[in-house]
Amino acid sequence: MTNIHEKLYDFPIADFQSDLIDWFLREKRDLPWRKDQDPYKVWVSEIMLQQTRVDTVIPYFNAFIAKFPSIESLAEANEEEVLKAWEGLGYYSRVRNLQTAVKEVKESYGGIVPNTPEELGKLKGVGPYTKGAILSIAYNIPEPAVDGNVMRVLSRILSIWEDIAKPKSRKLFETAIYELISKEDPSSFNQALMELGALICTPTSPSCLLCPVREHCAAFSEGVQQELPIKSKKKKPKPLQMAAAVLYDENGNYYIHKRPATGLLANLWEHPNTEVNRSYDKNYREQLSDYIKDEFGIEIELTDLKGTVEHVFSHLIWTISIYFGKVKQTPNEKLIKVTKQQLEQHAFPVSHQKITKLYNGDSPPLL
DNA sequence: AATTCGGGGCG
DNA sequence: CGCCCAGAATT
């Protein structure tokens with residue numbers, strides 16, 4: 001059981017703050033969400049940055065803000081358009097929750113992002129980290145914003161050997177931040193800790209010789225910076241065999257399906273597909289055609305196997321066998337007919353973009 | 001407390 | 001190919 005107050009008893013807080021913040025103000029990266037302190041933009045950037053690297057986020061952030069520059073514009077947008085702007089970023093519930101929350105801000109807070117922990121924490125998709133990030137960065141309020149970077153950096157600086165994968169560990173680090181955070185410039189302090197984690201105090205080989213707070217770092221003085229933080233391993237993703245059909249007709253149209261509003265890849269579009277199995281008395285192609293008949297009410301002649309797509313999620317691995325099929329009947333309303341141009345307006349998960357790539361976007365699909 | 005939610009980049 | 005990453009919601 002780690003006692004934070006003991007760890008901080010003779011820690012030089014003021015020196016640590018100034019060394020850290022001076023370095024940040026000198027070395028901080030020029031990122032698009034740092035051009036001003038607009039709470040909406042800070043919010044959007046923090047949601048995008050959840051479990052996602054800065055380099056990945058930059059182009060999405062710029063395009064998203066250009067398309068939805070304000071609370072109002074995002075609140076009024078249709079969800080299809082919002083999901084399209086998020087296409088390829090992953091964790092799609094982030095943006096659906098963001099739009100829900102933005103509508104709440106418009107209706108209940110007059111379009112002003114609230115500046116109290118209580119009100120912010122009630123918004124959909126705003127958890128402990130994002131709440132603290134918005135309060136400190138946009139409103140300069142001294143609240144902790146503890147993410148993976150901060151836990152790694154503080155584990156080393158204070159020599160904390162708790163498992164940072166455990167949910168309760170975050171509270172320990174929040175306790176430390178409440179004591180460490182600069183009351184004069186909480187915004188720079190919180191950003192500096194994350195920036196240090198991203199640029200210097202990296203996971204595998206930290207650049208301690210370049211570190212502005214090296215002289216305050218317990219792990220460095222003990223030579224154990226490579227052994228921290230302690231983080232238990234996640235379990236392996238589970239393999240699933242899938243089969244998907246690229247359905248088209250003689251007029252160059254495609255037939256696509258909208259996924260359910262909950263669960264994996266919620267509300268995204270896809271080529272009709274289903275899980276298949278090998279122990280069954282029918283092959284993948286037959287199982288897929290049975291699914292299409294049951295689900296969409298059409299008999300379809302599928303081609304031989306046209307290719308295989310692999311896609312890895314955090315908890316699943318899809319191996320998708322791809323078939324083509326020419327539609328000759330009218331399916332039910334669960335299957336939507338679109339032109340190639342319309343297809344491109346819909347948000348598809350990356351797994352299905354790989355399928356599109358297989359037939360090179362040709363209509364009808366060649367191969 | 002454990003699981004479910006995506007995707008890309010790196011050694 | 002395993003590991004990591006500016007997490008939150010659900011169970």
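Residue numbers start from 1 in every chain, and the chains themselves are labelled A, B, ... in the order their sequence lines are given, proteins ahead of strands.
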Give a yes or no on this: more than 12 heavy atoms of other residues, nucleotides or ligands lie within 6.0 Å of atom [atom1] of [X].
X	atom1	answer
A:E250	CD	no
A:R278	CZ	no
A:D281	CG	yes

Figure out the [atom1]/[atom2] separation between [X] and [N], and round it to whole Å.
X	N	atom1	atom2	result
A:W43	C:dG7	CH2	C1'	16 Å
A:K233	B:dA2	NZ	P	17 Å
A:K122	C:dA8	NZ	C1'	18 Å
A:K124	C:dA8	NZ	C1'	9 Å
A:Y60	C:dC5	OH	P	21 Å
A:I317	C:dC3	CD1	C1'	13 Å
A:E270	B:dG6	CD	P	12 Å
A:L49	B:dG8	CG	P	16 Å

Are OP1 or OP2 of [N] and a side-chain N or O of [X] less than 4.0 angstrom apart?
X	N	answer
A:Q51	C:dC5	no
A:K231	C:dC5	yes
A:R152	C:dA6	yes
A:H315	B:dT4	no

Any ion pair linking A:D290 and A:K282 (charged N to carboxylate O, less than 4.0 Å)?
yes

According to the interplanar angle, ranging from 0 to 90°, do the rings of A:F348 and A:H352 count as parallel (below 30°), tilted (30 to 60°) or perpendicular (above 60°)?
tilted

Should the ring pair A:F296 and A:Y291 be called parallel, tilted or perpendicular, given that the plane angle runs from 0 to 90° and is split at 30 and 60?
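Aromatic pair A:F296/A:Y291 classed perpendicular.
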
Compute the centroid of each ring, for A:W86 and then for A:Y60, and state whether the two points are separated by less than 6.0 Å.
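Judged by ring-centre distance (under 6.0 Å), A:W86 and A:Y60 do not meet the cut-off.
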
Ring centroid separation A:F16 to A:F11 under 6.0 Å
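They qualify: ring centres under 6.0 Å apart.
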
Contact class for [X] (heavy atom, under 4.0 Å): base, sugar-phosphate, or nothing?
X	answer
A:R170	nothing
A:V126	sugar-phosphate
A:R259	nothing

Taking side chain as C-beta onward, heavy atoms only, is A:S321 less than 4.5 Å from A:M242?
no

Any donor-acceptor pair under 3.5 Å joining the side chain of A:T130 to the base of C:dG7?
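No pair found.
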
Ignoring hydrogens and angles, are the base of B:dG7 and the side chain of A:T56 linked by a donor-acceptor pair under 3.5 Å?
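Result: no qualifying N/O pair found.
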
If you find the nucleotide of DNA chain C closest to A:G121 and the one closest to A:R34, which residue's nucleotide is nearer the 5' end?
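Checking each residue's closest nucleotide, the 5'-ward one belongs to A:R34.
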
Separation of the P atoms in B:dT3 and C:dA6, to the nearest angstrom:
23 Å

Same-atom distance (C1') from B:dG8 to C:dA9, integer angstrom:
23 Å

Give the residues of residues 195-212 of chain A touching DNA chain B, defined as any heavy atom closer than 4.0 Å, sorted by residue number.
none

Which of residues 84-99 of chain A sit near DNA chain B, with a heavy atom under 4.0 Å from it?
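Correct list: A:G88, A:L89, A:G90, A:Y91, A:Y92.
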
If you check the [X] side chain, which of [options] turns out closest?
X	options	answer
A:D147	B:dC5, C:dA6, B:dT4	C:dA6
A:M194	B:dG8, C:dA8, C:dA6	C:dA6
A:N149	C:dA6, C:dG7, B:dA1	C:dA6
A:V350	C:dG7, B:dG7, C:dA6	B:dG7
A:Y129	B:dC5, C:dG7, B:dG7	C:dG7
A:P128	B:dG6, C:dA6, C:dA8	C:dA8

Is there a donor-acceptor contact under 3.5 Å linking the side chains of A:H257 and A:K334?
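There is no such pair between these side chains.
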
Which residue lies more 5' along DNA chain B, comparing A:R53 with A:K168 via nearest heavy atoms
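Between the two, 5'-proximity favours A:K168.
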
Minimal non-hydrogen separation, A:P349 against A:W269, with atom names
CD-O, 3.1 Å

